[in-house]
Amino acid sequence: MKSNTRKTLDEFIIERQDDFQYSTGELSRLLNSILLAARVVSYKVRKAGLIDIIGAVGTTNVQGEDQQKLDLYAHNIFVETLVNREIVCGIASEENDNFITIQGLDQSHNNKYVVLMDPLDGSSNIDVNVSVGTIFSVYHRISPVGTPVTMEDFLQPGVNQAAAGYILYGTSTMIVYTTGFGVNGFTLNSAIGSFYLSHPDMKCPEDGNVYSVNEGNYVHFPRGIKNYIKYCQEEKENRPYTSRYIGSLVSDCHRNLIRGGVYLYPSTLKTPNGKLRLLYECNPMAFITEQAGGRASDGNRRILELTPTELHQRTPFYCGSKNMIDKIEEFIANEEK
Ligand SMILES: O=P(O)(O)OC[C@H]1O[C@](O)(COP(=O)(O)O)[C@@H](O)[C@@H]1O
Ligand SMILES: [Mg+2]
Ligand SMILES: [Mg+2]
């Protein structure tokens, strides 16, 4: 179907405005701001090899990771865009130790939403031209409007998310998001600068034959996960499964969302809480995956029901096709017997 006969994301947002709780158009404007920033970042990513945006800055973030130029560029573009559009009262980002308080042009602290984000996901793939992404999570504040945003506004369980999504800078630039009424994907026609509905009502197959895990860490994995990986590699039924690991959470989860499959980032002896961050990686990907009929777990509990205690806390993460997550939990439970 030719792009100009498809629905644009702007039209889609207006049409679905009444889905939003507290529907005052603010969440629509917030989503539009994220789209604006995504276009700017996408433009930079697509010519990363030609301009001085590759490589490390020389600083580290609160997780001790070397910050890439594109990490900070994306962080600054999203923060600037959200601040200037007067919609959020606070922002938390992987690239900032603490949350950012946005008081608003009239210093009234009247805005209602907080945004948590991973401005550039898959940083290790930036300078080798492999797909990367941006992940965002939106909550309605719990502190009173008119007062400065608080840490509690960010430390909400994932079930409270008003919206979540990711932008994938891959063969094309896409945005996939949910507001709790299903999952839809839109592709950017960069010649026109509009996102068009390309993946309506996305559904994650209950089963798949792909597993995504960094097997380089195998020796450090818990027994249950080692057993599950052996199970994936067995010559039985529709196995062995295919191993696919891009090393960008957004890209691996996007593939599994469309074709079925499972992404695993287990705890290891070195990192007992795994690597991925609960608030701006796991919660938004879990909300999207569940809304598409998949599942997301820390091996025992539903990710969305975890109660956060720190802004940058990590959690083991298993996400994807429902029956495959059930199987992983089974292997972990058997290990614990
Ligand atoms: O290199 P590893 O340890 O397998 O980790 C890869 C994972 O780490 C991440 O890169 C972490 O995200 P950031 O790039 O945003 O820090 C995920 O995208 C990816 O799935
Ligand atoms: Mg990330
Ligand atoms: Mg990142």
Side-chain angles (χ1 to χ4, degrees), residues 34 37-38 41 44-45 48 53-57 59-79 91-97 115-137 164-170 176 210-221 225 229 243-257 261-286 288-289 296 303 311-320:
I34 289 175
V41 172
K44 270 287 197 242
V45 168
I53 200 115
I54 287 207
V57 184
T59 51
T60 57
N61 62 20
V62 66
Q63 1 255 332
E65 293 163 345
D66 293 335
Q67 289 178 307
Q68 305 297 309
K69 289 177 185 163
L70 208 51
D71 284 326
L72 287 185
Y73 175 80
H75 168 82
N76 293 334
I77 292 292
F78 278 97
V79 169
I91 300 172
S93 163
E94 177 189 2
E95 304 309 333
N96 223 65
D97 298 10
V115 172
L116 302 98
M117 64 179 173
D118 177 355
L120 207 287
D121 178 63
S123 307
S124 64
N125 282 327
I126 296 170
D127 49 9
V128 288
N129 203 1
V130 171
S131 66
V132 293
T134 291
I135 313 174
F136 65 90
S137 170
Y166 58 81
I167 296 120
L168 177 57
Y169 313 103
V176 172
V210 167
Y211 68 104
S212 319
V213 64
N214 183 342
E215 288 190 61
N217 297 332
Y218 181 87
V219 283
H220 301 300
F221 285 158
I225 296 302
I229 292 173
S243 169
R244 285 279 183 279
Y245 191 67
I246 297 168
S248 295
L249 170 70
V250 166
S251 315
D252 281 311
C253 286
H254 181 73
R255 184 203 50 247
N256 293 340
L257 200 65
V262 70
Y263 172 96
L264 305 88
Y265 209 105
S267 59
T268 64
L269 299 176
K270 279 187 294 180
T271 55
N273 290 321
K275 175 182 183 176
L276 299 180
R277 282 54 58 121
L278 174 61
L279 291 179
Y280 43 78
E281 289 175 316
C282 304
N283 268 338
M285 298 312 284
I288 294 160
T289 303
I303 288 287
L311 216 47
H312 302 283
Q313 74 184 75
R314 302 171 192 262
T315 177
F317 189 56
Y318 307 99
C319 184

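Note: hydrogens, waters and symmetry copies are ignored here, and every other heavy atom, side chains too, is used. Atoms within each ligand, like the ligands themselves, are counted from 1 in listed order.
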For [X], atoms of ligand 1 separated by under 4.0 Å from a heavy atom:
| X | answer |
| --- | --- |
| S248 | 18 (O), 20 (O) |
| E281 | 11 (C), 12 (O), 13 (P), 15 (O) |
| E94 | 13 (P), 15 (O), 16 (O) |

Determine whether [X] and [Y] make a side-chain contact, defined as any pair of heavy atoms from C-beta on separated by less than 4.5 Å.
| X | Y | answer |
| --- | --- | --- |
| H312 | Y280 | yes |
| I225 | Y318 | yes |
| I34 | F136 | yes |
| K44 | K69 | no |
| T315 | L276 | no |
| S131 | H254 | no |

Among N217, T134, D252, D118, whose heavy atom sits nearest atom 15 (O) of ligand 1? D118
Between [X] and ligand 1, which part of the residue brings a heavy atom under 4.0 Å of the ligand: side chain, backbone, both or neither?
| X | value |
| --- | --- |
| S123 | both |
| N214 | side chain |
| R277 | side chain |

When you measure from [atom] to every protein heavy atom, which one gives the shortest distance, and what is it?
| atom | value |
| --- | --- |
| atom 19 (C) of ligand 1 | G247 O, 3.3 Å |
| atom 20 (O) of ligand 1 | Y263 OH, 2.8 Å |
| atom 5 (O) of ligand 1 | K275 NZ, 3.0 Å |
| atom 6 (C) of ligand 1 | Y245 OH, 3.3 Å |
| atom 3 (O) of ligand 1 | Y265 OH, 2.6 Å |

Nearest N/O/S atom of [X] with respect to the Mg ion (ligand 2), by atom name, please.
| X | answer |
| --- | --- |
| D121 | OD1 |
| E281 | OE2 |
| D118 | OD2 |

Please verify the inter-ring angle class for Y245 with Y263; under 30° counts as parallel, over 60° as perpendicular, anything in between as tilted. parallel
Minimum heavy-atom separation for L311 and A92, please, with both atom names. CD1-CB, 4.1 Å
Just by distance, no angles: are the side chains of [X] and [Y] close enough, under 3.5 Å, to form a donor-acceptor pair?
| X | Y | result |
| --- | --- | --- |
| Q67 | E95 | yes |
| S123 | D71 | yes |
| N125 | S248 | yes |

Can you tell me the angle formed at the Mg ion (ligand 3) by OE1 of E94 and O of L120, to 10°? 160°
Is there a nitrogen or oxygen of L249 sitting under 3.5 Å from a nitrogen or oxygen of ligand 1? yes
Within-cut-off N or O pair, L276 and ligand 1, under 3.5 Å: no
Qualifying residue, where the test is side chain to side chain contact (heavy atoms under 4.5 Å, CB included) with V45 and the options are L70, I126, N129: L70
Taking the non-hydrogen atoms of L120, is any one of them nearer than 4.0 angstrom to ligand 1? yes
